[in-house]
Every structure is written in C-alpha cells, then in structure tokens.
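Order of listing sets the numbers, starting from 1, for every ligand and every atom in it. Basis for what follows: all heavy atoms, side chains included, without hydrogens, waters or symmetry-related copies.
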Amino acid sequence: MSKNSHDSAHTHVAGTSEFVDDRPIMRGELFMDVVYSTHAHAKFTLDYSEALKDEDVVAVYTAADVHHNVWGTIFKDQPLIAKDVVQYAGEAVALVVAKTTVAAQYAKQKVKVNYQDLPAVLSINDAKKHNSYIADKRFIERGDIKSAFAKAKHTLSGEVVIQGHDHFYLESQVAIAYPLEDGQVEVHSSSQHPTETQHVVAHCLGLDAKDVVVQVKRMGGGFGGKESQAAPIAAMAALGAIKLNRPVRLCLTKDDDMVMTGKRNPFQNLYKVAFDDDGVIDGLEVELFSDGGAYADLSTSIMERAMLHSDNAYFIPNMKVAGQVCKTNHHPHTAFRGFGGPKGVATAEIIIEKIAHHLGLDPLEVRNKNVYRDEDGRNITHYNQIVKNNCLPKLFEKIEKDCHYKKRRSEITKFNQESDEFVKGLSITPVKFGISFTTRFLNQANAMVIIHLDSTLQIATGATEMGQGVNARICAMVTSEMGLERSHARVMPTRTDKNANTSPTAASSGTDLNGAAALLAVRKIKHRLSEFASLLLELPEARWPSKTAGLGTEAEIAIKTRNLDSNDPNEGADWKSGKATYFGVEFKDGVVTCKGRSINFPDLIREAYLSRVSLSDYAHYSIPGIEFNKLEGSGNAFLYFTQGVACSEVTLNRDTGEVKVDQVDILMDLGRPVNLDLDVGQVSGAFIQGMGWVTTENLVYNDQGYLLSHAPSTYKIPNIQDTPRVFNIELLENDENYANVRGTKAVGEPPLLLAISTWTAINNALTYLPTYKDSYPEVRIPATSENVLRAMAPQAFSKWSTP
Ligand code: MTE
Ligand code: QUE
Ligand code: MOS
C-alpha cells in the first residue's frame, strides 16, 4: 500500500473487498424481492395467491404487515409499502421472500396488481398547473430588485431546463438483515447514513433503536443516492428477518434500482437579469422550480442549496431568489453530488453566457466583471455571508493564462469560419461551493480511537466509505498526529453501536467533520501519553513498569487525566505539521522523545497500559459559527467555500450533433490536501460524472412516469472514450484555510459543478452558427447529440415536440 493510495485499492484490485452482497450466505438465509407499481398514480388491489403456490416461496408481505408504515428524512410522508394507492411507478406494493433469488424473481412476476388509474402529475409544468407543491415557496432577497430593473440599461429573461441524473452507483441498493436473540436485528446495509437507516428500521418494525444495529463496511458508490433511500431497503429486509426469524437478503437488480429509486431533481428555472453595457449585473431575479417526485425526501434541503448557489461566483447587488419544490408522480428525487448546487450554478452560468452573447462580449470578460472581489464590498453573497479567503479572481487569472484561452478563442473563431463539418466552443466556468450542511444540527460528528496493546490503532466514526477515501484521510490525520505510518491504524466498519451524534456522510463534509472528531479524540490520548512519557522518561529503565513485574511503587505513575474538551482541531497545533505537542513530548517516526530521552511508540504503549493509562478516547466536534437564519434567508451558511475553475473545449458534429470534449483544464483551490492523489481522483471523477449529466445521460419516462432508460443499454454514462482527450488538473496552493481541520478543503462535490463548463461550451459553439446570430441557443441539460442537433436545425425538428 503506497502512502497516498486508497485504503482499499489493493483489495479492490484483487477482488477481495467485501460488499454487502459478497457476504457468505448463512444457513437458512432467504431472499427478498420487491413488487413495485408500473403506474404513476392509481388505486390498486393485489392478488398474490399464485405466487404463494410455489414451494420455494416463503412469504409475501404487504402494507398491512408493517408496524409503522411511514418513513422520511425531513418529513415522514412516505409509506414503506404502498397501501391502496400508489403515488409513482416504482413504488413498492409487496415484498416476496423465497428460498432463492431466482424463485423470488419468478414469484414477483406472479403477483397480480390491478390498477385503477388516477390523474397523474408528471412534469413541473403539470405541477404548476395543478398547484401541486411540497412545502411553501421560499425566498432569499437582498437589495432593491425593482429599482435595479427600473434603471437597467439591458434586461434579459428566459427559462433553463435541467433534467434528472441517475446515480449509477455500481452496487445497487442492498441490505441483509440478521435476526439476533431477544428481538434484536443486525442489518448490513449500503448506506451513507447508517444511523438514519437504524432509526427507519426500528420505527417501521416497532423496535427500540437499542435493538437495531446497522453496519456499513463500504458502498460501491453512493453519490447521494444512498443518503435517504438506503433506509427503506434495509427496513424491508429487516421486516422479513424479524417476521421469519431467518436472515433475509434484499439486493436490487440494476433495472429495478433505476426504476424504483429517485434521481437528481429535475429543475425548470425562470430568470430575469438587469445589466449595463459592460455586462456588469445589477439585478437578478430567479425562480427555481424542482421536481420533487411523489414524496419530500431531501428535496426541500436540495432546493435551499440551489437557492444559496444561484449567485455562483458573482456579486449581484440586487437579487431575489425563489424556490418551490413541485410534487409530481415520479420516484421521490433525492441527494446527488452537489445537492442543489449544480442547478443554481448552471442557471447563473447560462445567464452569463447569454449576457455576453447579447452584448457581443467574450463570456470570460463578463465573468471577470462580476466575480466576487474584495474591493468595494463586492464580496458579500445574497444571503449576507462575506466570501473570505476568496481565490476566485486569482483562479480566473491563472487559468486564462495557463490554458491559453485567448489564443484558443481566436483559433476556434477561425476554425468555425472555415469548417462546415464541425463547430467548436470554449468556456470557462467557476465554482464556489459552500461547505457545511445548511441544516445546522447536521454539522457535528463523533469519533472513537482505540490503541491496542501491540500499539496499532482502530478508529471508529460515523463516516461511511463510498470510494471517496474518507477512511484513508481520517487514518492519515490520526496516524500523522501520533508520528506513525498510515498502516499503523485502520478505520473500522461504521456501526451504529459505536458512535452517537452522527450525520450522513454527505455535503462533502465527511472528512471535515469526522476527521476533526478523530483528531480531537486521538489528541486526548496523546495528551495523557505525553504526560506519562515525560514522567516515565525521567526514570531509569530498570524502574519502568514492565521491568518491575507490575509491583507498582513509583513505576505506576499517577498522571493527571485532564480531558481536552477543545472543539477546534487546529487549536494548539503547529499550522505547518498540523500536530499538537504536550509536555514537550514529541511523537515522530514511531519514536516518542522528551528532553533528549526516547522510547519506541510500542514500548510506550505497553508501559502506559501497565500504569493504567487509558488508551482509548472519544471526541465530539461541531462546526463553529454556522448561523444561517432559514426564515430570513440570511447569515453565515457555510464554514468556508471550495473554489475552482474549469475550461472546456468541445467540438460538435454539424451533421449528427455528436459532442466531443477535446480538452478540459481544471484549476482548484483545495487548501492543503491530506492526500493529494485522492483529491485529484475526486476532481476527475466528479468532473466526468458531471459531464455525463450535462451531455449524454438522458432519463426517458413513458406516459405512466415509468422509467424506460433503466439500464446501461439505454442510459449512457461516460466511458473511457468520452473522457476529454486532454485532461489537466492542477491545484492552487492555498495554505490559509484556517477554518477547517489541518487547512484542508472538502473536495467530494465541488468539481462536479465544473462540468457545467462543458454545457456552456456546447451552447457557446452553437452561437457561432448563423441561426443564433441574434438569439441564444439555450440547449437544456443534458445537451445530448439529439438535443444539439435539434438546436442546430430547429426547423427540421419542428414537427416533433421536445421530449
Ligand atoms: N466518490 C466516490 N468514489 N463514490 C461516491 O459515492 N460520493 C460523493 C463524493 N465522492 C462519492 C464520491 C458525494 S455525493 C459526497 S457528498 C462525498 O463524496 C461524500 O464523502 P466526503 O464527505 O467524505 O467527501
Ligand atoms: C447539504 C446536504 C444535506 C443537507 C443540507 C446541505 C444533506 C441532508 C440534509 C438534511 C436536512 C434536514 C434533515 C436531515 C438531513 O441537509 O445531505 O435529516 O432533517 O441530508 O446543505 O448534503
Ligand atoms: Mo453527497 S449528494 O452530499 O451524498
């Protein structure tokens, strides 16, 4: 294992990493499958008598079998199994349990569902027509939007259409529930939020939380899709396990997973913008509408983040944002990398492009005119948070130079004049992603560190590993604090019986929160060990506890066990090394030194144990200074911002609409990474995932809201051929993020938003066509080849409506 590798790199490559469905089948284990609705909105009745005739079928469960048939993250509005009425195609109506997976799949087909259709709402426009909404419309407002428009030199308005996005994690939703003695159950789940999963299992089954343990070893990808929606799957498996007193496994097929589970929320945003001759924005009014699907899930929080990111990187003196979640008869949409951010940012960026086109300016010039700057108070967001440690102007300046923007712009202009086969586009977009949950109470974490007698460490936190490398990062922080190699410690599977005050591993804050807690926990041990070492090293070795057969005397050193209750992982730590020092004792390279005398770390641990010094500890961390007032839409919503810029160059085929991404240059400020390689991996992965969203990933539903594109054959995620031919990633050096643990910056989600540059580059390419001399193309997300072709020759497609 190399220093910067993912902690599971070698087991992934060897195929020995264990995912939930890799767990050996237990004696008596049974297999569950879900019967789901194929209708959007209907009354229904069930007939499962045929299914029960199969001797391999053990049971069929319906809504009537669920103790509390309701769950939900923010609002408890969703049945575990639909009763009498289905609200979306893909909603569970019954569970079948059989002796084999195949028998369960057959049985599922034999369950007859009779539907009596009800009127369905299947789009944002439909929802608006029927006033079908989830929660109240919300507003964030600053300045005087009316007078900004009254005195505006130019105004533009329009609508941005943004479709959904499937998470396409390689491991489908899965859970195995093991019944234990005395009414307890242990559930192995693929969940970003084990604690919520535990609570949903307990609530739905009528158990106490104390009788339910949820374990998450790792996920084969989550991307937000397993933040809320892993819980019902776990509850279904647990229902079978408790009823039958046998282990029950529920592992969705890819197709079922795609049909059943919610996606990134589609958005349809209206805007009106006021600006001057130079493209400086004075007023912006945005009305965001999202498709929440049939139940609330996380959609209201997602909308809030979209509203908080509608400025993206730009100072807009007078701004009004409204956000309304629509209730439709689609699968309940959910968290997806970036949460609401990408939908707000895409809107802001297409507005900039359109302003530039309108004024005949280069879009980069308009961006530079509007970007947050420290001068003249142009550094305060529409929700009144000052953008501190702002690198945006520097990022713009550097990327423009490094990727030869001006030169490539003139080359592209020339190319587009000469070619009638292809048309090229170029675009730089920035991101300023707010780090912290906008829901205050989630900004906390808890960690436990244990040092064993052989001196190796085990770490337990509420963080879950989904491939992002949170374990490797936490491990690196803890071991470096103790002057040890990373291989000296292991982060253990996440279990709900070990940590309290846990949040979902989400909002890119897994390492920020859990790493800080783990560091605070290990510092408590370090503090005790330091004091102990300072006393021990004064004694001749012959009088150390291990040499005196535990006889005590002065060898059993009484130390003060003052608990460090700091909430600041940087407090008392040297900023460069990130390490704290107590009693003048240094921990370095496996050796502990005080006043010139030293002891190997393993020997110190043994002496400490014999002297009854505690070798484990817990700590809690909460992010300070989060004071966003949701009612007023004002205040410090975030601890800091992760910022970056990307430049995309694309070539469109004028005959087929095919999009090729020729070159992408990314420049990001990630503070001072704990693990540079993992961070670069997150940047490239997030960018490519976002590129899929804005280009080829097209969700197609039938007129019952049933997802037709439910497999890789019909849903096109990027493959290796689709990655940019030239792909450069560079990180800006920024040593000054004093706000966060060890000066790091969260990386998980922000780079996904940089893929918006590919979408704006596609739109930019189209502006070179005569069709768009006076108008702006406004190709939706995703800009599939078909959508691009439609935009190139709108008249040729006029007889087919836009899907
Ligand atoms: N990286 C991988 N490989 N797999 C994932 O599922 N999820 C992303 C991101 N990177 C994800 C990923 C999302 S949506 C989030 S919020 C963060 O990881 C969560 O982890 P972190 O907070 O530890 O960065
Ligand atoms: C970013 C996020 C989340 C968020 C807010 C963000 C998130 C999440 C919640 C949330 C909100 C209310 C609840 C709850 C969770 O908010 O992932 O349980 O009651 O789950 O800005 O990623
Ligand atoms: Mo990530 S969408 O916050 O799980």
query: Is the closest side-chain donor-acceptor distance between Thr197 and Ser191 under 3.5 Å?
result: yes

field: Numbered atoms of ligand 3 (with element) below 4.0 Å of Phe336, judged on heavy atoms
entry: 2 (S)

task: Number the atoms of ligand 2 from 1 as they appear, then name those within less than 4.0 Å of a heavy atom of Thr438, with their elements.
output: 5 (C), 6 (C), 21 (O)

message: Regarding Glu171 and Lys226, does a basic nitrogen lie under 4.0 Å from an acidic carboxylate oxygen?
response: yes

Shortest heavy-atom approach to atom 3 (O) of ligand 3 - which of Gly748, Ala507, Ala335: Ala507

- prompt: Is the His167 to Phe336 ring centre distance short of 6.0 Å?
  reply: yes

task: Check the surroundings of atom CG in Asp136: do more than 12 heavy atoms from other residues, nucleotides or ligands lie under 6.0 Å from it?
output: no

field: Ser622 and its side-chain contact (heavy atoms from CB on, under 4.5 Å) partner, picked from Asn567, Asn501, Asn443, Asn446
entry: Asn567

task: Output, in order, the C-alpha distance, side-chain angles, deciding distance and verdict of side-chain contact (heavy atoms from CB on, under 4.5 Å) for Met448 and Ile459.
output: CA-CA 6 Å; Met448 173 178 68; Ile459 305 161; over 6 Å; no

- prompt: Is it true that Arg23 and Glu18 have a side-chain N and a carboxylate O under 4.0 angstrom from each other?
  reply: yes

query: Considering only the protein, which heavy-atom contact is closest to atom 1 (Mo) of ligand 3, and what is its distance?
result: Glu749 OE2, 3.7 Å

- prompt: Gln192 heavy atoms, cut-off 4.0 Å: which ligand 3 atoms fall inside?
  reply: 4 (O)

field: Cation-aromatic face contact Lys254/Phe168, 6.0 Å, 45 degrees
entry: yes

- request: Report, in ascending order of atom number, the atoms of ligand 3 lying under 4.0 Å from any heavy atom of Ala506.
  value: 3 (O), 4 (O)

- line: protein heavy-atom neighbour closest to atom 14 (C) of ligand 2 works out as Thr73 CG2, 3.7 Å

field: Ion pair Glu627/Arg440, N-O distance below 4.0 Å
entry: no

- prompt: How close does the nearest protein non-hydrogen atom get to atom 4 (C) of ligand 2, and which residue and atom is it?
  reply: Phe339 CE2, 3.4 Å

message: Under 3.5 Å between any N/O of Arg305 and any N/O of ligand 2: does that happen in this structure?
response: yes

- prompt: Which atoms from ligand 3 have a heavy atom of Glu227 less than 4.0 Å away?
  reply: 3 (O), 4 (O)

- prompt: Which ligand 2 atoms does Ala507 reach within 4.0 Å, using its non-hydrogen atoms?
  reply: 1 (C), 2 (C), 22 (O)

message: Whether Lys327 engages the ring of Tyr295 as a cation-pi pair (distance to the six-membered ring centre under 6.0 angstrom, angle to the ring normal within 45°) should be assessed.
response: yes

field: Minimum-distance protein heavy atom relative to atom 2 (S) of ligand 3
entry: Arg337 N, 3.1 Å

query: Among protein heavy atoms, which lies nearest atom 13 (C) of ligand 2, and at what distance?
result: Ile74 CG1, 3.5 Å

statement: If you scan protein heavy atoms around atom 15 (C) of ligand 2, the nearest is Leu442 CD1, 3.3 Å

- line: Only one of Asp7, Asp679, Asp512 passes salt bridge (charged side-chain N to carboxylate O under 4.0 Å, His left out) with Arg473, and that residue is Asp679

- prompt: Quick one: do Glu304 and Lys630 make a salt bridge, cutoff under 4.0 Å?
  reply: yes

- request: Mark up the atoms of ligand 3 that fall under 4.0 Å of a heavy atom belonging to Gly224, in ascending order.
  value: 2 (S), 4 (O)

Set of residues that line ligand 1, where lining means a heavy atom lies under 4.0 Å from it: Gly221, Gly222, Phe223, Gly224, Arg337, Met466, Gly467, Gln468, Val470, Thr505, Ala506, Ala507, Ser508, Ser509, Gly510, Thr511, Gln682, Gly748, Glu749

query: Quick check: does any side chain N or O of Lys343 sit under 3.5 Å from a backbone N or O of Phe339, one acting as donor and the other as acceptor?
result: yes

- request: Determine whether the side chain, the backbone, both or neither of Glu227 has a heavy atom under 4.0 Å from any heavy atom of ligand 2.
  value: side chain

- prompt: Is a donor on one side and an acceptor on the other found under 3.5 Å between the side chain of Asp256 and the backbone of Leu252?
  reply: no

message: Heavy-atom pairs closer than 4.0 Å: do any link ligand 2 to the side chain of Ser301, the backbone, both, or neither?
response: side chain

